[in-house]
Amino acid sequence: MTCRRVLPTIAAAILAVGIQAGFQSPARAVTQISASVEFYDALSPYGSWERVSRYGDCWVPLDTPVGWRPYTVGYWVDTDYGWMWISQDPWGGIPYHYGRWAYDSYYGWVWVPEDDLIWAPAWVAWRYGDDYVGWAPLPPDAGWRSGSGLTISVSTLDRRIYRSGWCFAPVRTFGTTRIRSSLLPPSRNVTLLARTRNVTRYEVYNSLPAERGLRPEIIERATGRKFQRYQIVDSRSRSNLKKVAIQGRTIEVYRPRITGVRSQRTRFVPRAGVSSRATVQRQQSEQRRFDQRMRQERGALEREHQRELSQPRRDAVRQNEVRRRQQAEMRAQQERETQERRSFDQRRKIVDDAQRNQGQGRGREQGQRPPRERGQAQGQTRQRQEQGKGQDQGKGRDQGKGQSQDDQDKNQGRGRGKGGN
């Protein structure tokens, strides 16, 4: 499969004076820039740009474990802009604060860049209730208007968000750095969506989005813990676009507003980033662990079911209701395993194709190397003859070697490609 990669880049550089002026006042947190913020270079080592029918060119993360979902590798902190996601993914500085995420039945989770990229502490919806907290990536059609906030209602969010995209955790573990280990199986969302309510509410603060729905005082009352509130300040370092700097009670973030991303996007020849040895090894490792991870999810779900059934029930009606709900969760788990396998196979195929293309490129380079000079002559005439003879012999050897290597790489690539189908 021929993969399409894109480099969202914005043309002319803004004057340095203008950039610095944007950082001097908190009220001017939104800095319009046209410096070349190269998302391709930042994200390509960890994924691939693919054409997704509904959304156009999207970034597909490849260096992720089986069953991965956005906003799971990291933790939440309270800030003056609302709850902010501190990512522990090596690429997390951009996709968790710009653009949106969508679940595609072919690729799995993909990042969808907007034409006008606006920073937020996290682009997520929130649910709360019955001692559980839930969050999920906002869908691509949840746009942002500076004067009025989100372009879709909370009720529309509930219909748009992919059910397994919700991450639920007991409220007692929320706000800790170990939140990932306490996430409940996604198949439990069948029940947890009914036991919680959507509390998403975005406002404008210092010209940027701020989430005010999941109030920290509610979590503090439920957990008995006091959360430190961080102040987000603008950084002059573009390195803080990829990774924030936490210092004391402040978080330094480089958060420009980047305009015209889609309209000015330039297409590039596929690079070899996704076929790096580390990515290939990770894919092979995850393939071996796939069944194990799915068994772990099923085991966690079954343990939760046993816990529920062991609790005393008032009547048979309630018991039957619990059993019906558990059956629905088991069906959701089976559907998830089928979908995860399909998406994983497709992501693995992307890596295999990239590796095969890289191997073919190496074969072509070897086939085009200049022939080595052969032979040494005594006398001018003999030198010309020996050199000519040596050149012909060298050319034959090297061309044969290049063709052999090319054929070998192609055969190996076909073998890997078949393995990825």
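Here Glu308 pairs with Arg188 in a salt bridge; the nearest charged N to carboxylate O distance falls below 4.0 Å.
Within the 3.5 Å criterion, the main-chain N or O of Arg212 finds a donor-acceptor partner in the side chain of Arg201. Not a single donor-acceptor pair under 3.5 Å links the side chain of Thr250 to the backbone N or O of Ile246. Of the possible polar contacts, none joining the Asn206 side chain to the Leu208 backbone as a donor-acceptor pair under 3.5 Å is found.
The closest side-chain donor-acceptor pair between Gln306 and Ser310, if any, does not fall under 3.5 angstrom.
Ring orientation note: the planes of Tyr103 and Tyr162 are close to parallel, at an angle under 30° on the 30°/60° scale.
In summary, the aromatic rings of Trp166 and Trp126 are positioned with their centroids too far apart to meet the 6.0 Å limit. Annotation: Tyr205 is in aromatic contact with Tyr81 [ring centroid separation under 6.0 Å]. A ring-centre distance under 6.0 Å is found for Trp135 and Trp76. You'll find the ring centres of Trp59 and Tyr107 outside the 6.0 Å limit.
Residue Asp89 forms a side chain to side chain donor-acceptor pair (under 3.5 Å) with just one option from Tyr46, Tyr96, Tyr71, and that option is Tyr96.
Nearest heavy atom pair, residue Pro65 against residue Arg180, reads CG-NH2, 4.1 Å.
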